[in-house]
Amino acid sequence: MKINILAGGPEQFIPPLEACDKDTYWIGVDHGVYRLLSKGIHPHGAFGDFDSVSEEEWNSIQAANLKQFQVFTPEKDETDMELALNWAIEQKPSSINIFGATGGRLDHYMANAMLLSKEPFLSWPSPIEMIDRKNIISVHPAGEYSLEAINGMSYVSYIPITSEVKGITLKGFRYPLSNRHIFRGSTLCISNELIQNHGTFSFSEGILMMVRSRD
């Protein structure tokens, strides 16, 4: 089973969405629920306080009779996205992808990206990916990882989340590295490129955010 989550970010950042199949569950977060319905995708579930939907949109959401429907008050300790992710990992899917979580308000964008560095999301067996039309964002604990080339998405950047990331090694890249240490705020690993069909990156300590991008 795969889980795709659609949040309520600006429409222009969202890539084309595919309808559900028997192996994929779509989950809507707040206004993302209505957006799925308007695209002809019947979500498996909905999460949010729904403070960003109109009365007409709310009526459409209620009329959809969704299987998993969780409504929260706006006064809460977690964002709607975090609550949806908490539910998603409990289902033990093979993958989790997030859409509609970039662009628009920077606080929402940054909170969504940083959420991937929080446990238990960080140590989920398959990295959770946040996807828009030009970027794929994921966050990784120390380890070794294989990376496959994606047509048209040539840039790969690594941003340290922790104060220090130790032992970064990049193979198959235009600018390879071997056992380098970088600190939070460093731009050393910005705008690298894969020069082969696949490469590897590894590091011994810390947390890295990987951003794969196209112009």
Side-chain angles (χ1 to χ4, degrees), residues 4-17 29 79 81-82 85 95-215:
N4 291 339
I5 300 174
L6 180 65
E11 180 77 27
Q12 65 266 31
F13 291 92
I14 301 173
L17 305 179
V29 174
T79 63
M81 177 59 72
E82 183 170 356
L85 275 175
S95 67
I96 301 174
N97 293 324
I98 300 171
F99 303 86
T102 65
R105 283 180 52 175
L106 283 178
D107 56 341
H108 288 173
Y109 186 173
M110 293 179 69
N112 288 331
M114 293 302 295
L115 187 58
L116 303 184
S117 68
K118 180 182 178 180
E119 293 291 358
F121 314 129
L122 175 65
S123 58
W124 186 248
S126 177
I128 299 170
E129 294 187 335
M130 197 163 73
I131 302 169
D132 65 20
R133 286 184 177 269
K134 291 192 173 185
N135 308 280
I136 300 174
I137 300 171
S138 56
V139 177
H140 303 264
E144 182 173 351
Y145 303 90
S146 179
L147 198 62
E148 301 296 323
I150 299 176
N151 186 36
M153 191 166 281
S154 57
Y155 299 112
V156 186
S157 295
Y158 295 99
I159 302 168
I161 298 296
T162 45
S163 60
E164 185 177 8
V165 175
K166 296 183 178 181
I168 298 179
T169 297
L170 304 178
K171 298 180 180 179
F173 287 79
R174 182 176 301 279
Y175 309 108
L177 289 178
S178 178
N179 198 33
R180 289 292 298 269
H181 296 1
I182 61 173
F183 296 87
R184 188 164 48 218
S186 170
T187 59
L188 175 66
C189 297
I190 300 299
S191 293
N192 211 328
E193 297 178 67
L194 277 176
I195 56 174
Q196 301 176 5
N197 289 331
H198 67 276
T200 62
F201 69 97
S202 62
F203 56 106
S204 57
E205 291 184 34
I207 300 172
L208 274 180
M209 177 179 291
M210 179 173 70
V211 183
R212 307 192 68 174
S213 304
R214 60 168 54 93
D215 283 326

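Between the S204 side chain and the K166 main chain, a donor and an acceptor come within less than 3.5 Å of each other. With hydrogens and angles ignored, the 3.5 Å screen pairs a side-chain donor or acceptor of H181 with a backbone N or O of G167. Between the side chain of S213 and the main chain of N135, no donor-acceptor pair closer than 3.5 Å is present. The main-chain N or O of S191 is never found under 3.5 Å from a side-chain atom of R174 such that the two would form a donor-acceptor pair. Using a distance-only test at 3.5 Å, with no hydrogens or angles considered, a donor-acceptor pair links the side chain of N112 to the main chain of A101. With N192 contributing its side chain and V156 its backbone, the two residues share no donor-acceptor pair below 3.5 Å. A distance-only check finds a donor-acceptor pair linking the side chain of T162 to the backbone of I207 [under 3.5 Å].
Distance OG/S126 to CD1/I96: 8.5 Å, rounded to 0.5 Å. The line from CE of M130 to CD1 of I136 is 11.5 Å long, rounded to the nearest 0.5 Å. Here I159 contributes atom CD1 and I190 contributes atom CD1; the two are 4.5 Å apart, rounded to the nearest 0.5 Å. Here CE of M209 is found 6.5 Å from CG of L116. Values are rounded to the nearest 0.5 Å. Rounded to the nearest 0.5 angstrom, M114 CE and I161 CD1 are separated by 4.5 Å. Between atom CZ of residue F203 and atom CD1 of residue I182 there is a gap of 9.0 Å, rounded to the nearest 0.5 Å.
With contacts defined as side-chain heavy-atom distances shorter than 4.5 Å, the pair C189/V165 does not qualify. Here the side chains of Y158 and L170 are in contact, with some heavy-atom distance below 4.5 Å. Contact check for L115 versus L85: side-chain heavy atoms found under the 4.5 Å cut-off. Two residues are said to be in side-chain contact when any heavy atoms from C-beta on lie closer than 4.5 Å; F99 and I5 fail this criterion. Residues S146 and K171 fail the side-chain proximity criterion, which asks for heavy atoms closer than 4.5 Å. Taking 4.5 Å as the limit, every side-chain heavy atom of Y155 sits out of range of all side-chain heavy atoms of K134. A heavy-atom distance below 4.5 Å is not found between the side chains of L188 and Y175. In this structure the side chain of I168 reaches within 4.5 angstrom of the side chain of L208, judged on heavy atoms.
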L194 and F173: CA distance, side-chain angles, deciding distance, side chain to side chain contact (heavy atoms under 4.5 Å, CB included) verdict
CA-CA 4 Å; L194 277 176; F173 287 79; 3.9 Å; yes
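Between P160 and G185 the shortest heavy-atom distance is CG-N, 4.3 Å. Considering every non-hydrogen atom in both T102 and Y109, the closest pair reads CG2-CE2, 3.6 Å. Nearest heavy atoms, V139 versus A113: CG2-O, 4.1 Å. Nearest approach of M153 to R214, heavy atoms of both residues: CE-NH1, 3.4 Å. Between D132 and F13, the shortest heavy-atom distance links the atoms CB-O, 3.0 Å. Considering every non-hydrogen atom in both M81 and A7, the closest pair reads CE-CB, 3.6 Å.
For E82, the side chain to side chain donor-acceptor pair (under 3.5 Å) partners at least two apart in sequence or on another chain are K118.
By the 30° and 60° cut-offs, the orientation of the rings of F201 relative to H140 is perpendicular.
More than 12 heavy atoms of other residues, nucleotides or ligands lie within 6.0 Å of CG in D107, so this atom counts as buried by the packing criterion.
For the residue pair N179/T169, the side-chain donor-acceptor check at 3.5 Å is not satisfied.
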